[in-house]
Protein chains: 2
Amino acid sequence: MPMSDIYIPMTERSMQEPTLLLLTALADAPRHGYALIQEIAVISDGRVKMRTGTLYSALDRLLQQGLIRVERDEVIDGRARRTYALADAGRATLAAEADRLRAVVAEADRRLRTTRPTARGALA
Amino acid sequence: MPMSDIYIPMTERSMQEPTLLLLTALADAPRHGYALIQEIAVISDGRVKMRTGTLYSALDRLLQQGLIRVERDEVIDGRARRTYALADAGRATLAAEADRLRAVVAEADRRLRTTRPTARGALA
DNA sequence: CGACATATGCCGATGAGCGATATATATATC
DNA sequence: GATATATATATCGCTCATCGGCATATGTCG
């Protein structure tokens, strides 16, 4: 019989840049969705214009993972507004991610400065 | 009539960690596939055990993008071995990626240290 | 009235990465 | 001689974060 086993990933994928920027944008203060898009544009120096499809699905996912929480719901000038805050777990995750990336970037810099033509140092 | 337009992404996705580690592992010297897996384990302090599925498909992709090149093909002790080297474009891409990540990490650190309870500084 | 900023949300498509599997040789252990 | 582990490359199907597009609604500016 065909066993239709469910795919269960063993390792969790490393965080991608949009998610990293999202947590970073929430690190200093709670913000609502639209404000996050603008804040991320500022953080990334105009490079990243986050799509709402990315934003709201990421917010849903991060809520589910417990990395962020809903701070409050309001209606401002007739427009609904949902404000999100970084949860303790999200704060810890962001700090760990920053440490991890700092180490990799340092290693990349080190290697870019110490280039050898071959792995054993030999050269024609 | 149903227009079956082809999906053409406007922006290129940001590099993920496995790719970043791959380029980093090639930054100081050319290496072959299996050596890259081991080198990446060292760089990431044992955290990342790259799968061959990820490795060889990434190598194919990076070759196609011109970020790496085949340095040489050998047969060592009866085993085939293909050695890859970082191309100039790959070197530039890695350097740019490092700059970018350094900036985001610095911003994350800054924000984690300057946390306010709300976006406007008010608190109950 | 039309254009644009504000604000949230859904949906289909894409592709990097993951787990599994296959193949083959060399070396170490029983 | 069998069995396990290290070396080495390669392919396949699956998942999920991200992307682009679309929908909806209000407020403001010209």
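Hydrogens, waters and symmetry mates play no part in the numbers below; they use all other heavy atoms, side chains included. Chain A is the first sequence line, chain B the second, and so forth, proteins listed ahead of strands; every chain is numbered from 1.
- Each of B:Tyr84 and B:Val42 belongs to its own hydrophobic cluster when Ile, Leu, Val, Met, Phe, Trp and Tyr are linked at side-chain heavy-atom distances under 4.5 angstrom.
- In the hydrophobic cluster analysis, where Ile, Leu, Val, Met, Phe, Trp and Tyr join through side-chain heavy atoms closer than 4.5 angstrom, B:Val105 is grouped together with A:Leu112.
- Put simply, A:Thr19 has a side-chain N or O that comes within less than 4.0 Å of OP1 or OP2 on D:dT18.
- Phosphate contact (OP1/OP2 of D:dT18, side-chain N/O of A:Arg61, threshold under 4.0 Å): present.
- Within a 6.0 Å radius of CG in B:Asp73, other residues, nucleotides and ligands contribute more than 12 heavy atoms.
- At least one side-chain nitrogen or oxygen of A:Tyr56 sits closer than 4.0 Å to the OP1 or OP2 atom of C:dT8.
- A salt bridge links B:Arg47 with B:Glu17: the closest approach of a Lys/Arg side-chain nitrogen to an acidic carboxylate oxygen falls below 4.0 angstrom.
- Both A:Asp60 and B:Gly53 lie near DNA chain C, and the one whose nearest nucleotide falls closer to the 5' end is A:Asp60.
- Computed from coordinates, the B:Leu62 CG to C:dG15 P distance equals 15 Å when rounded to whole Å.
- Within the structure, a side-chain polar atom (N or O) of A:Arg51 is placed less than 4.0 Å from OP1 or OP2 of D:dG20.
- Note: CG (B:Leu55) to P (D:dT11) measures 12 Å, nearest angstrom.
- A:Arg47 has its CZ atom 15 Å from the C1' atom of D:dT18, to the nearest Å.
- Checked for salt-bridge contact, B:Asp99 and B:Arg102 meet the test: a charged N lies under 4.0 Å from a carboxylate O.
- The nearest whole Å value for the distance from the CG atom in B:Leu20 to the P atom in C:dA16 is 15 Å.
- Between A:Met50 atom CE and D:dA17 atom P there is a gap of 13 Å when expressed in whole angstrom units.
- Rounded to whole Å, atom P of D:dA8 lies 13 Å from atom OH of B:Tyr84.
- Under the 3.5 Å distance criterion, with hydrogens and angles disregarded, a donor-acceptor pair is assigned to the side chains of B:Thr115 and A:Arg91.
- Between B:Glu39 and A:Arg111 there is a salt bridge, with a side-chain nitrogen of the basic residue lying less than 4.0 Å from a carboxylate oxygen of the acidic one.
- The side chain of A:Arg13 sits closest to D:dT15 out of C:dA7, D:dA8, D:dT15.
- One atom, CG of A:Leu63, and another, P of C:dT8, lie 13 Å apart when rounded to the nearest Å.
- Annotation for A:Asp60: atom CG counts as buried by contact number, over 12 foreign heavy atoms lying within 6.0 Å.
- If you check D:dT9, C:dG17, C:dA7 against the side chain of B:Ala58, the one that comes closest is C:dG17.
- Taking 4.0 angstrom as the limit, B:Ser14 places none of its side-chain polar atoms (N or O) nearer than this to OP1 or OP2 of D:dT18.
- For D:dT7, the OP1/OP2 oxygens have a side-chain nitrogen or oxygen of B:Gln38 closer than 4.0 Å.
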Protein proximity profile, nucleotides 23-30 of chain D - base contact B, sugar-phosphate-only contact S, no contact -, cut-off 4.0 Å on heavy atoms: ---BS---
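- Relative to the side chain of B:Gln16, the nucleotides C:dG9, C:dA16, D:dT18 differ in distance, and C:dA16 lies closest.
- Between the P atom of C:dA16 and the CD1 atom of B:Ile40 lies a distance of 16 Å, rounded to the nearest Å.
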